A.B. asks: 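The following block contains the structure, expressed as structure tokens.
Here the structure is a predicted model, which is why all the values come from computation and not from measurement. Any value given below was found using the heavy atoms of this structure, including those in side chains, with hydrogens, waters and symmetry copies removed.
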Amino acid sequence: MKLRFTKMNGAGNDFIMIDNRAGEVRLRPEQIARICDRHRGVGADGILLLEPGSNGADFRMRYYNRDGGEAEMCGNGARCFARFANKVAEAPEQISFRTPAGVIRADLCGELVRLRMSEPTDLRMNARLEIDGEETVVHYINSGVPHVVVPVARLDMVDVAGQGAAIRRHKMFSPKGANVNFVEKGGPNNIAIRTFERGVEDETLACGTGVVASALIFSLLENTNGPIDVLVRGGSELQVDFEKVDDGFSDVTLTGPAEFVFEGTIEL
């Protein structure tokens, strides 16, 4: 089978986009892993399928990590998804799409996309983990997918692969595990982050839901409000805005770039 695709990236987080409105594409985990392989395939952090919507949503977004597993949500991928739908399905500049994490709404502003995220859940502050014999204080929130946030003094001193993998697989977050974000304060409303992503099982140049999780946790630790600017490893800056309500958040938005790279065909 020959599969047509579009390659996109959101802040350096790269994706393979597939128009599956006809419902003919059914990829096995090993096929997804092969397509995402950077040596034997196209190369990407994940694959997104554009499918028909239901229950009032314009479309359905399905996201697969490069290990072949389906995930609930991907913030950078969702921004790319919105621009892709606008291009191939002539969707308007305000669209909605259903994900396992809920209905996401997007506003297109040129190459920038603002996502209106689902409300975060499962907030846990000041959890204590033992990692390599040392106690580590971390914070947890589900911003569409589960995220651990670890404040650090210097990002350039963090072993993201080693510490990230250990926290990602910690029994506190089993059986599904969690993504892990290391956060350095840059100013009153400014942070830089590095993220270890489950499913990719490595550091990525950016993680949209990780950006959201990190900004929300930072706002609680620093007692500040939005918007918060977030610098990711790929060099892009994203913005997170929100309203604080009681012990949680509402009206959470994520704004950042979504760029087309190239189109092609791969034989499976």
Side-chain angles (χ1 to χ4, degrees), residues 9-14 45 74-79 109 111-117 120 123-127 129 131 134 136-168 178-198 200 202-244 248-259:
N9 90 84
N13 211 184
D14 59 340
D45 291 325
C74 175
N76 289 327
R79 294 199 315 279
C109 310
E111 291 190 355
L112 291 179
V113 179
R114 182 180 65 189
L115 297 178
R116 286 170 277 173
M117 309 287 286
L123 175 64
R124 282 182 263 166
M125 300 293 290
N126 300 309
L129 308 181
I131 303 295
E134 294 186 6
T136 302
V137 177
V138 305
H139 315 284
Y140 177 92
I141 193 169
N142 188 315
S143 54
V145 291
H147 279 275
V148 175
V149 177
V150 187
V152 298
R154 288 182 54 182
L155 280 178
D156 60 351
M157 299 295 289
V158 177
D159 177 10
V160 175
Q163 286 185 261
I167 297 172
R168 175 256 188 272
N179 304 279
V180 184
N181 308 273
F182 299 93
V183 179
E184 178 183 328
K185 179 180 178 180
N189 284 69
N190 182 277
I191 58 175
I193 75 168
R194 295 175 65 182
T195 302
F196 183 94
E197 284 199 55
R198 65 171 189 174
V200 178
D202 203 351
E203 181 177 9
T204 56
L205 294 180
C207 174
T209 53
V211 164
V212 171
S214 299
L216 297 181
I217 294 295
F218 176 78
S219 77
L220 294 175
L221 293 173
E222 297 293 323
N223 193 27
T224 188
N225 297 312
I228 292 175
D229 295 324
V230 184
L231 179 67
V232 298
R233 184 69 189 275
S236 297
E237 191 170 82
L238 292 83
Q239 188 174 84
V240 179
D241 207 353
F242 52 86
E243 294 291 334
K244 288 181 176 177
F249 301 91
S250 69
D251 301 324
V252 179
T253 63
L254 170 66
T255 303
E259 301 170 328

A.B. asks: Is the backbone N or O of Val149 less than 3.5 Å from a side-chain atom of His139, with the two atoms forming a donor-acceptor pair by type?
C.D. replies: no
A.B. asks: Could you give the distance from CD1 (Ile141) to CZ (Arg124), rounded to the nearest 0.5 Å?
C.D. replies: 11.0 Å
A.B. asks: Answer whether the closest heavy-atom distance between the side chains of Ser219 and Phe249 falls below 4.5 Å.
C.D. replies: yes
A.B. asks: Return the minimal non-hydrogen interatomic distance between Cys207 and Glu197, and the atom names on each side.
C.D. replies: CB-OE2, 3.6 Å
A.B. asks: Roughly how far, to the nearest 0.5 Å, is CD of Glu134 from CG of Leu129?
C.D. replies: 12.5 Å
A.B. asks: Sequence neighbours left out, cut at 3.5 Å: what donor-acceptor pairs do the side chains of residues 221-228 make with other protein atoms?
C.D. replies:
unit_1	atom_1	unit_2	atom_2	d
Glu222	OE1	Lys185	NZ	3.0
Thr224	OG1	Asn189	OD1	3.2
Thr224	OG1	Asn189	ND2	3.4

A.B. asks: Nearest heavy-atom pair of Leu112 and Pro257: which atoms, and what distance?
C.D. replies: CD2-N, 3.7 Å
A.B. asks: For residues Leu115 and Gly75, report the shortest heavy-atom separation together with the two atoms involved.
C.D. replies: CD1-O, 3.3 Å
A.B. asks: Just verifying a value: how many Å separate Asp14 CG and Thr204 OG1, rounded to the nearest 0.5 Å?
C.D. replies: 9.5 Å
A.B. asks: Look up atom CG in Asn76 and atom OG in Ser236, then write down how far apart they are to the nearest 0.5 Å.
C.D. replies: 8.5 Å
A.B. asks: Taking all heavy atoms of Ala215 and all of Val230, pick out the closest pair and write down the distance.
C.D. replies: CB-CG2, 4.2 Å
A.B. asks: Between the main-chain N or O of Phe196 and the side-chain N or O of Arg168, is there a donor-acceptor pair closer than 3.5 Å?
C.D. replies: no
A.B. asks: Which heavy atom of Thr209 sits nearest to which heavy atom of His147, and what is that distance?
C.D. replies: OG1-NE2, 2.8 Å
A.B. asks: Taking the side chain as every heavy atom from C-beta outward, state whether Val180 and Gln163 have any atom pair closer than 4.5 Å.
C.D. replies: no
A.B. asks: Donor-acceptor pair, distance only, cut-off 3.5 Å: does the side chain of Asn179 make one with the backbone of Arg198?
C.D. replies: yes
A.B. asks: Considering all heavy atoms of both residues, which atom of Val152 and which atom of Phe182 are nearest to each other, and what is their separation?
C.D. replies: CG1-CD2, 4.1 Å
A.B. asks: Can you measure from CG (Asn181) to CD1 (Ile217) and round to the nearest 0.5 angstrom?
C.D. replies: 9.5 Å
A.B. asks: Check each of Glu243, Arg116, Lys244, Met117 against Asp251 using the side-chain contact (heavy atoms from CB on, under 4.5 Å) test, and report the only one that passes.
C.D. replies: Glu243
A.B. asks: Taking Arg194 for its side chain and Leu155 for its backbone only, find out whether a donor-acceptor pair lies under 3.5 Å.
C.D. replies: yes
A.B. asks: Working to the nearest 0.5 Å, report the span between CG of Asp241 and CG of Asp229.
C.D. replies: 10.0 Å
A.B. asks: Measuring only between side-chain heavy atoms, which start at C-beta, is Ile193 closer than 4.5 Å to Val211?
C.D. replies: yes
